[in-house]
Trainee: 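Here it is, the structure, as structure tokens.
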Amino acid sequence: MRLSRYFMPILRETPREAEIVSHRLMLRAGLIRQQAAGSFAWLPLGLRVLDKINRIIREEQNRSGAIELLMPTIQSADLWRESGRYEAYGKEMLRIKDRHERDMLYGPTNEEMITDIFRAYVRSYKELPLNLYHIQWKFRDEVRPRFGVMRSREFLMKDAYSFDLDQAGARHSYNKMFVAYLRTFARLGLKSIPMRADTGPIGGDLSHEFIILASTGESEVFCHKDYLGFDTPPADTDFDDVAGLQAIVDRWTSLYAATSEMHDASAFESIPADRRMSARGIEVGHIFYFGTKYSAPMKATVMGPDGQEHEVHMGSYGIGPTRLVAALIEASHDENGIIWPEAAAPFDVALLNLKAGDGATDAACADLYTALQAAGFDVLYDDRDERPGAKFATADLIGIPWQVVAGPKSLAEGKVELKRRATGERELLPLGDVVARLRA
RNA sequence: CGGGGCGUAGCGCAGUCUGGUAGCGCAUCUGCUUUGGGAGCAGAGGGUCGCUGGUUCAAAUCCGGCCGCCCCGACCA
């Protein structure tokens, strides 16, 4: 993409409304624009990041056996009356009437609707297990939206819903998502730690929040330091291996880890002092098992091998992609701007033409641009007629992992400079070596 | 929902206390010079001062009502 033809409205100064670093940087780098309290337009650069995140989420959901569909944002109140939540859900639910005065709502979540879809088609235990997910906009009318997309009213959510014949099956479904989440966050360059979460009236141990560590995180977390060294389950993990998955989950839940709400000081104190870690974190995922909470009132049943109808055991599993964008920035930035992990970066390489308009420099950049694209890299080519300083500042701000800097000075020797955004390391290398170096 | 704060040019701000014809920086446009860490000079354009009543000869400024946004707390992915 040629920057001169792109739409990337960066801000030199920080808008007043932004307090936390991710919000400031998202506005400055032209990722989002606020349209109302807790409601944001995703500008081209931000949308690229969101798409990258969604792609990884999809790959890992699919790998675990979950199946994607897409449900509407506007739902009928009738379904929610069936589950009893139309009355139970508070003012966070945005209630709407259509032209016929029918009660509608903008979905804050989709348990009722997915249960309706399930019960309409699934009759037999032989069709289980089943896990259906979608990535769809949600709306929760928060009393006080804040921190940009970290806590907005409209937000994107990947929500998956599992259906099983019994609790043992549901546990395995839960474990699949548990492992898929570990892999998803790891691929985004994040260290996530599953922490026991409140299971509400259901009880049991099947609810975890996935927390990533960031010094500016919203909540205080306490955990055993050894989690930092745990390996991520590999790509070839067998999701049908019940015992194997359980072993992974057991390991990842074997040590103490809790947010302040679930914190047990005495349990924490029993960890050797040098293994204790208290830090700040951001919740990026939440999974839980809730049994027959919806299948019972909504009569979602299947015929079991015993010839009896069984209410299915369900679980739901959420990740907030829009919130993840902010979380990535909170976890990775410096005073100059964003530092994207390669997997989520809007572009792979920023190509800086330090003297646009100069024949030799333009020609060298054009060649590099073509070669990098041919090699499969997403390249943002800064071909604007700007001073070098402005280009460096822009590239640092938007956080593209690699900068290829081409100016008359180095080109005179047939070389360009390669800078790694994360570390600031620079190296001079011959024009022809750039593609190979980036591939390494 | 309780407490606090802020609405003046695209962005960041001054001006409000003490009423008197709306200003600064950045950005934008034109021209020239410049080109390895947010350039210089010269010129230009851009504002119903959030909205609405009122007081006054006169309101960004004083008074009332409303709207929007932000921060802290309670609540949440």
Side-chain angles (χ1 to χ4, degrees), chain A residues 9-20 23-24 27-28 30 33-40 89-93 107-110 135-160 181 197-198 200 207-212 218-219 259 261 281-288 316-327 335-337 352-358 361-362 382 384-398 403-413 415-417 419 424 426 428:
Chain A
I10 61 167
L11 270 32
R12 197 157 164 173
E13 287 172 282
T14 304
R16 182 181 17 197
E17 72 263 22
E19 190 72 14
I20 63 165
H23 190 193
R24 288 205 298 257
L27 291 168
R28 285 200 55 211
R33 174 181 168 79
Q34 178 161 332
Q35 295 301 141
S39 168
F40 296 85
Y89 224 99
K91 288 187 166 179
E92 278 195 354
M93 186 189 305
T109 177
N110 283 66
I135 298 179
Q136 178 63 290
W137 293 97
K138 302 290 188 291
F139 192 94
R140 292 183 191 174
D141 199 357
E142 296 283 346
V143 200
R144 189 187 154 207
R146 66 183 111 173
F147 304 147
V149 298
M150 191 78 86
R151 177 78 176 281
S152 53
R153 293 196 292 176
E154 186 169 345
F155 59 97
L156 201 56
M157 183 156 94
K158 184 289 298 181
D159 38 329
Y181 276 33
D198 190 3
S207 180
H208 288 89
E209 290 180 355
F210 286 74
I211 304 283
I212 61 137
E218 51 181 353
S219 47
T259 58
E261 298 88 57
I282 300 170
E283 181 187 345
V284 290
H286 193 168
I287 61 178
F288 52 96
S316 74
Y317 316 89
I319 295 179
T322 42
R323 155 177 274 228
L324 253 179
V325 176
E335 62 281 3
N336 295 319
L352 311 193
N353 181 334
L354 292 194
K355 194 166 182 179
D358 174 73
T361 312
D362 287 349
D382 191 345
R384 297 171 304 163
D385 183 18
E386 290 286 346
R387 311 267 306 184
K391 299 197 177 196
F392 292 132
T394 299
D396 285 348
L397 173 64
I398 65 175
Q403 296 173 16
V404 175
V405 180
K409 216 158 89 182
S410 56
L411 283 174
E413 304 166 37
K415 291 182 174 176
V416 293
E417 189 178 87
K419 175 181 158 183
R426 303 146 189 259
L428 272 174

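Protein chains get the first letters and strands the later ones, always in sequence-line order, with residue 1 at the start of each.
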Trainee: Relative to the 5' end of RNA chain B, which residue comes earlier, A:Gln35 or A:Gly285, by the nucleotide with the nearest heavy atom?
Mentor: A:Gln35
Trainee: If you look at every strand shown and take non-hydrogen atoms under 4.0 Å, does A:Ser410 touch a base, only sugar-phosphate, or nothing?
Mentor: base
Trainee: Could you work out which one of B:rG37, B:rC71, B:rA77 sits closest to the side chain of A:Asp396?
Mentor: B:rG37
Trainee: Have a look at A:Ser152 and say if it touches a base, only the backbone sugar-phosphate, or nothing, with a 4.0 Å heavy-atom cut-off.
Mentor: base
Trainee: State which of B:rC71, B:rC69, B:rG36 makes the closest approach to the side chain of A:Lys409.
Mentor: B:rG36
Trainee: Stacking between A:Phe392 and the base of B:rG36 (centre distance under 5.5 Å, interplanar angle under 30°)?
Mentor: no
Trainee: Among B:rG36, B:rC76, B:rC69, which is the nearest nucleotide to the side chain of A:Arg140?
Mentor: B:rC76
Trainee: Closest nucleotide of RNA chain B for A:Ala406 versus for A:His286: which of these residues is on the 5' side?
Mentor: A:Ala406
Trainee: For every nucleotide of nucleotides 1-11 of chain B, 5' to 3': is a protein heavy atom under 4.0 Å from its base (B), only from its sugar-phosphate (S), or from neither (-)?
Mentor: B----S-S--B
Trainee: Go through B:rC70, B:rA77, B:rC76 for me and flag the one nearest to the A:Glu92 side chain.
Mentor: B:rC76
Trainee: Name the closest nucleotide to the A:Arg387 side chain, picking from B:rA39, B:rC72, B:rG37.
Mentor: B:rA39
Trainee: A:Phe392: what forms a ring pair (Phe, Tyr, Trp, His ring centres under 6.0 Å) with it, not counting sequence neighbours?
Mentor: none
Trainee: So what does A:Gly320 hit on the nucleic acid, given a heavy-atom distance under 4.0 Å: a base, only sugar-phosphate, or nothing?
Mentor: nothing
